[in-house]
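Below is one structure; the comments refer to it alone.
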Amino acid sequence: MRDHVVAVDIGTASARAGVFDREGRLLAKAKHPIAMQRLRENHAEHDSEDIWGAACKAVRAALAESGIAADRVAAVGFDATCSLVARDAEGRPLTVSTGGDNRFDTIVWLDHRAIAEAEEISATGHPALLYSGGSLSPEMEMPKLMWLKRHLPETWRRAGYFFDLADFMTWKATGSAARSRCTLTAKWNYLSHETPGWQQDFLAQAGLEDLLERGGLPHETMAAGESIGCLTPEAASDLGLDTGCQVAAGLIDAYAGAFGVLGGVADGGALEKSVALIGGTSSCIVSFAADPKPGRSLWGPYYEAVLPGHWLVEGGQSATGALLDHIVRMHAAGGEPTPELHGRIIARVQQLRAEQGAELAGGLHVLPDFHGNRSPLADPHAAGVVSGLTLDTSFDGLCRLYWRSCVAIALGIRHILETMDGYGYRFETLHVTGGHVHNPLLLELYADVTGCRVVVPETQDAVLLGTAMTAAAAGGIHESLASAGQAMAAKARARHADLGTSRSYDRDYRRFLAMVRHRAELLSIS
């Protein structure tokens with residue numbers, strides 16, 4: 001009886017795999033590292049065969065630990081970062097690297113080489129941009145494709161396929177070049193609510209008239225929870241599965257995480273009052289609505305990117321966990337930002353707060369845009385600001401700056417939520433997943449600064465869980481995506497805002513907005 005699924009999450013530095021039962025219990029998991037090449041500033045590249053190999057090793061290890069036989073796995077699902085894979089007409093790797101090595105055929109999501117191309121497309125004001133917040137990020141695929149055509153014309157000439165990384169994984173698994181509605185709608189400016197979905201005049205304005213032919217791109221897409229087909233014999237052998245295993249349409253990793261924490265309310269009235277916060281190196285805010293609510297700086301709304309009949313919208317912060325790592329690394333009393341060092345800092349912050357109360361480091365103010373502002377300013381050039389620095393190089397000085405950086409991250413989330421409120425979104429509950437759930441300072445601040453009820457699922461693997469939910473629907477274990485979400489949802493604990501702290505955080509927020517204005521004023525002085 002096929003009553004289990006395998007979920008594979010392709011991150012920036014590793015591939016992770018988990019084995020789940022029909023109730024959403026994670027029986028075993030494993031991960032394997034992925035290599036990255038960075039030859040130039042703002043350039044980052046993967047080897048897609050290395051990624052596939054890492055995923056296969058992780059799946060085999062997780063299956064071995066679980067003790068589940070291959071013939072009990074109904075389906076496998078893949079989620080991945082929005083990285084861009086280039087292949088020739090025979091499916092062989094094509095270089096995306098200025099170094100010319102064909103092994104490096106994948107532009108990593110965080111690669112910012114295409115900032116100029118992103119600004120050029122944004123300046124067109126094309127109506128398609130209404131569904132990407134009015135502008136494009138260099139992390140999206142269209143700017144990256146423009147860069148490839150301009151700077152690596154031989155790669156473009158020889159191209160037969162361009163894949164979002166999740167679609168590459170399902171292609172390797174099935175041999176089918178079908179594309180996910182999630183990836184194309186969210187990262188390729190494909191309008192899934194219109195027919196045709198590809199806007200030819202938009203492609204022409206970007207100089208990509210031949211993209212569909214060069215990229216082997218279809219006119220139709222596969223919905224989340226649908227099966228693309230069964231594993232090929234070769235892929236089944238690589239993964240340690242069998243050819244009776246279905247392959248679910250791929251997902252963007254953040255959206256898998258969002259569904260992993262919101263799946264339990266996917267079929268109820270609470271969905272539109274709930275928002276997912278996927279906090280890690282960066283942070284994503286993801287919500288679903290029955291009606292489109294476009295807004296500047298928000299990615300989306302994307303029709304049926306995950307849930308049928310629903311629009312998905314995303315806001316985000318470019319650096320959050322990465323910002324705290326940077327603060328630890330740059331301070332004289334810091335060092336390599338290991339989990340142990342973060343733990344020491346957090347413990348000392350709690351002691352200092354107990355001694356000094358809410359006014360701890362009240363003269364320190366941080367604007368956390370050290371790697372640009374994804375939302376709500378949509379400015380990849382934005383830089384961070386710290387006001388109130390002294391000559392203090394002590395460990396306690398590091399702890400004060402760390403604490404105020406945590407406050408700033410939470411204030412940035414409030415900034416995004418209040419902007420979304422202006423576009424018609426109304427949130428009461430913030431579902432948090434990712435690495436931030438291990439930082440008690442952030443969890444407390446997310447509740448107290450935003451005023452939302454914070455819900456934390458009792459799983460550390462919401463991204464894998466969301467992908468497992470789609471696999472369970474694709475494999476027929478559950479009859480629909482919504483029923484899979486409800487049946488497999490993890491239990492959760494809730495935290496309510498401490499209204500007694502709201503006044504001091506309201507003041508911090510006013511100062512935060514003032515710093516945004518003052519930064520713009522400084523930049524305007526010629």
Side-chain angles (χ1 to χ4, degrees), residues 9 11 24 26 79 252-266 270-288 306 312-325 339 342-343 346 349-350 368 374-375 403 405-421 425-467 469 485 488-498 501-502 505:
D9 167 45
L26 178 60
D79 72 76
I252 298 296
D253 54 350
Y255 301 166
F259 188 54
V261 295
L262 297 178
V265 296
L271 180 61
E272 294 202 28
K273 297 178 182 178
S274 301
V275 60
L277 167 57
I278 303 94
T281 302
S282 60
S283 292
C284 295
I285 287 280
V286 180
S287 69
F288 298 94
V306 177
L312 181 151
V313 69
E314 176 187 353
Q317 295 170 297
S318 299
T320 51
L323 172 60
L324 295 180
D325 282 348
H342 277 283
I346 290 167
V349 168
Q350 298 290 44
R374 192 181 298 170
S375 301
W403 162 243
S405 297
C406 288
V407 172
I409 289 168
L411 292 170
I413 293 295
R414 176 170 170 176
H415 197 197
I416 295 169
L417 294 181
E418 290 198 358
T419 300
M420 294 178 75
D421 184 82
Y425 297 89
R426 301 287 184 270
F427 301 126
E428 297 176 358
T429 305
L430 190 63
H431 296 254
V432 182
T433 188
H436 293 193
V437 302
H438 304 298
N439 188 324
L441 302 178
L442 288 175
L443 288 183
E444 174 188 331
L445 287 163
Y446 287 146
D448 295 349
V449 171
T450 68
C452 291
R453 183 173 71 112
V454 167
V455 172
V456 179
E458 293 180 1
T459 175
Q460 298 180 18
D461 294 287
V463 174
L464 283 175
L465 177 58
T467 299
M469 291 170 173
M488 299 173 73
K491 295 181 180 179
R493 65 184 191 276
R495 180 189 184 98
H496 295 271
D498 179 357
T501 66
S502 62
Y505 291 133

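- Within the model, atoms CG of Leu441 and SG of Cys406 stand 5.0 Å from one another, a figure rounded to the nearest 0.5 Å.
- Between Met488 atom CE and Leu26 atom CG the span is 10.0 Å, to the nearest 0.5 Å.
- Here the shortest heavy-atom pairing between Pro457 and Ala492 reads CA-CB, 3.8 Å.
- Of the inter-residue distances, the one linking Tyr446 atom OH with Cys452 atom SG reads 12.5 Å to the nearest 0.5 angstrom.
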Let me check something: any side-chain donor-acceptor pairs from residues 272-282 under 3.5 Å, sequence neighbours excluded? List them with distances.
from, atom 1, to, atom 2, distance (Å)
Glu272, OE2, Ala290, N, 2.8
Ser274, OG, Ala270, O, 2.8

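- At least one side-chain heavy atom of Leu324 sits under 4.5 Å from a side-chain heavy atom of His342.
- Between the CG atom of Asp253 and the SG atom of Cys284 there is a distance of 7.5 Å, given to the nearest 0.5 Å.
- Atom OH of residue Tyr505 and atom CG of residue Asp498 lie 8.5 Å apart, to the nearest 0.5 angstrom.
- Within the 4.5 Å cutoff, the side chain of Thr433 has no heavy atoms near those of the Val456 side chain.
- Evaluation of the side chain to side chain contact (heavy atoms under 4.5 Å, CB included) rule for Ala489 yields no partner, not counting sequence neighbours.
- The two residues Arg493 and Leu443 have their closest heavy-atom pair at NH2-CD1, 4.1 Å.
- Put simply, the side chain of Ser375 never gets that close to the backbone of Ile416: no donor and acceptor are under 3.5 Å apart.
- Checking side-chain atoms of Arg426 against main-chain N and O of Asp421 turns up a donor-acceptor pair under 3.5 Å.
- The shortest side-chain heavy-atom distance between Ile409 and Leu323 falls under the 4.5 Å cut-off.
- The structure places CG of Leu430 at 5.5 Å from OG1 of Thr450, a figure rounded to the nearest 0.5 Å.
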